[in-house]
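Just so it is clear: chains get the letters A, B, ... in the order the sequence lines come, proteins before strands, and each one is counted from 1. FYI, side chains are in, hydrogens and waters are out, and symmetry mates aren't considered; it's all heavy atoms of this structure.
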There are 2 protein chains.
Amino acid sequence: MVYRRTKKVNQRLEARLQAIMQAAREEFARNGFYGTSIKDIARRAGVGIGTIYLYLRNKEALFAALVNEAYEMVLDRIARARKNATGGRQKLQASMEAALAVLQENRDLARVMLVQSPAGHPAVAEQLYDLLRRLARLVEEDVLEGIARGELPPQDAHIAALAFVGTFYQVVISWLKEGIPADLTAAGKELIAYNLRGLGYPVEGVIENA
Amino acid sequence: MVYRRTKKVNQRLEARLQAIMQAAREEFARNGFYGTSIKDIARRAGVGIGTIYLYLRNKEALFAALVNEAYEMVLDRIARARKNATGGRQKLQASMEAALAVLQENRDLARVMLVQSPAGHPAVAEQLYDLLRRLARLVEEDVLEGIARGELPPQDAHIAALAFVGTFYQVVISWLKEGIPADLTAAGKELIAYNLRGLGYPVEGVIENA
DNA sequence: TGAAGAATTGAATTACCGTTCATTACATGA
DNA sequence: TCATGTAATGAACGGTAATTCAATTCTTCA
């Protein structure tokens with residue numbers, strides 16, 4: 001044997017993989033799964049078509065890797081934020097801020113996951129709904145905790161959790177598609193107030209008895 | 001000229017068009033734009049492949065016609081509901097109930113528009129976002145009216161409107177994908193309360209000052 | 001009834017794109 | 001340097017499915 005990978009080569013391979021992933025992130029974010037061809041990604045990454053298949057099984061695996069990246073990122077960030085919070089209300093607030101921050105920092109990835117993944121292969125599309133379901137479950141737990149402590153009025157915690165997640169989803173979609181609000185985390189303040197009021201937490205700004 | 005369409009033929013043509021549209025509604029609702037072939041639709045409608053092209057320009061036009069049907073239906077139903085309501089709060093409530101009712105009555109069409117259209121051609125996908133934008137605009141007007149009358153606290157009406165629409169979207173998606181809630185209009189009551197509280201309307205169930 | 005035109009059909013055409021693989025270029029170290 | 005293996009490449013392949021159109025069937029009415 002007269003050839004063994006040297007460190008330099010390993011670095012080049014790693015850099016190439018990253019170039020391909022980055023090119024895919026940009027292309028898929030802009031043009032979606034079916035609107036992006038392997039050729040497009042190869043061109044943007046500056047590699048040959050066949051090269052992509054040395055690094056990833058196929059087009060779907062490439063797309064799925066990106067969606068999964070976004071999925072893990074959001075869940076991970078939220079989980080860490082919740083560690084430092086106690087009580088339903090604080091956990092909710094920390095989760096919301098963490099989610100908006102991580103999306104704002106990774107716009108392309110957010111587009112791939114939230115806007116383009118439903119247009120991909122069904123198996124991949126499911127991951128978005130799975131993320132939303134998991135987020136809703138977290139919210140539901142917090143709501144149930146709030147009700148148990150008497151901080152919240154009795155209510156259908158499942159519906160409330162869906163509503164809660166829905167507000168974020170819609171605002172993020174608007175941010176991704178129209179650029180409004182321009183600053184996602186700033187808009188988050190309004191959004192948090194809306195949801196805390198919606199759940200029944202006392203928040204300043206409510207006008208007493210009409 | 002020895003042939004002129006008779007009434008009977010016109011009826012057959014109309015019935016065929018409807019059969020094709022209905023078949024497309026069912027296939028697209030279940031399998032999405034890319035997961036449905038013209039052959040599938042033709043088979044379900046009981047016509048030849050070529051026949052479909054006598055009635056509709058192409059696959060995209062067929063899909064777009066369905067999305068447009070849903071779009072018009074929802075807007076029309078909401079517009080009529082709002083006619084009989086006065087004041088921001090009542091208009092909001094009437095709109096919400098109308099939207100949920102019309103979706104519940106047309107589940108396949110709702111699936112095509114809300115679940116499958118994002119997966120279709122970009123031009124068609126835009127229509128869903130356009131609908132959501134228009135609904136948000138209606139909500140925003142009502143919120144501004146509420147603020148002007150002093151019934152609502154000052155707030156970012158645009159964010160509130162997005163949040164409002166988002167709660168409905170999420171619950172409807174859950175209903176379409178998982179069948180939960182089983183009864184959409186029943187769940188609407190919770191949802192309406194959530195949003196009215198979120199906006200700042202006084203609603204029973206808020207716990208005073210923690 | 002049969003000539004004229006309309007409606008229907010599905011096999012053939014066409015276009016597209018993901019994937020493969022024979023070939024070339026590169027890297028290693030004896 | 002060169003023998004040996006690795007990495008990279010893109011033309012060619014293959015499968016899929018939308019769309020077309022020549023041939024057929026149906027409808028009308030003189």
Checklist entry - Do A/Asp183 and A/Gln104 meet the criterion of a side-chain donor-acceptor pair at a distance under 3.5 Å? => result yes
Item to check | Spacing of B/Tyr194 atom OH and A/Gln155 atom CD [to the nearest 0.5 Å] | outcome: 8.0 Å
Item to check | Expected output: side-chain A/Ser95 to main-chain A/Lys91 donor-acceptor under 3.5 Å | outcome: yes
Distances for protein N/O vs nucleotides 16-19 of chain C N/O pairs under 3.5 angstrom?
from   : atom 1 : to      : atom 2 : distance (Å)
C/dG18 : OP1    : A/Lys59 : NZ     : 2.6
C/dG18 : OP2    : A/Ile38 : N      : 2.9
C/dT19 : OP2    : A/Tyr53 : OH     : 2.8
C/dT19 : OP2    : A/Lys59 : N      : 2.9

Checklist entry - Are side-chain N/O atoms of B/Glu14 and B/Gln18 paired as donor and acceptor at under 3.5 Å? => result yes
Checklist outcome for this item: When rounded to whole Å, the CG to P distance for the pair A/Leu13 and D/dA7 reads 6 Å
Checklist entry - With respect to the side chain of A/Thr51, which nucleotide from D/dA8, C/dT8, C/dA27 is positioned closest? => result D/dA8
Next on the checklist: Nearest whole Å is fine: how far is C/dA7 C1' from B/Arg16 CZ?
Outcome noted: 8 Å
Item to check | Nucleotide nearest B/Tyr55 when distance is taken to its side chain, options C/dT8, D/dT27, D/dA8 | outcome: C/dT8
Item to check | Most 5' of B/Gly50 and B/Lys8 on DNA chain D, judged by nearest nucleotide | outcome: B/Gly50
Checklist entry - Whole-Å distance between D/dA17 P and B/Leu62 CG? => result 17 Å
Next on the checklist: Tell me if the CZ atom of A/Arg107 is crowded by more than 12 foreign heavy atoms within 6.0 Å.
Outcome noted: yes
Item to check | Proximal nucleotide (of D/dA7, D/dT27, C/dT9) relative to the A/Leu54 side chain | outcome: D/dA7
Checklist outcome for this item: Atom CZ of B/Arg43 and atom C1' of C/dT9 are separated, to the nearest Å, by 15 Å
Checklist entry - Among side-chain atoms of A/Tyr71 and A/Arg134, is any donor-acceptor pair under 3.5 angstrom? => result yes
Item to check | Under-4.0 Å side-chain N/O to phosphate OP1/OP2 contact, B/Arg5 with C/dA7 | outcome: yes
Item to check | No-hydrogen, no-angle side-chain donor-acceptor test under 3.5 Å, B/Asn195 and B/Tyr201 | outcome: no
Checklist outcome for this item: Separation of D/dT19 atom C1' from B/Ile41 atom CD1, nearest Å, is 14 Å
Item to check | Side chain to side chain, A/Lys39 and A/Arg43, heavy atoms closer than 4.5 Å | outcome: yes
Item to check | Whole angstrom value for the distance that separates P of D/dG10 from CD1 of A/Ile52 | outcome: 11 Å
Item to check | Any B/Arg4 side-chain N or O less than 4.0 Å from OP1/OP2 of C/dA6 | outcome: no
Checklist entry - Looking at B/Asp40, B/Leu62, B/Asp108, B/Val115, which hits side chain to side chain contact (heavy atoms under 4.5 Å, CB included) with B/Phe28? => result B/Leu62
Item to check | Separation of atom CZ in A/Arg12 from atom P in D/dT6, rounded to whole Å | outcome: 14 Å
Checklist entry - Using the C1' atoms of five pairs at each end, what's the angle between the two axes of the helix from C/dT1-D/dA30 to C/dA30-D/dT1, to 10 degrees? => result 10°
Checklist entry - Roughly how many Å is it from CD in B/Gln11 to P in C/dA7, rounded to a whole number? => result 15 Å
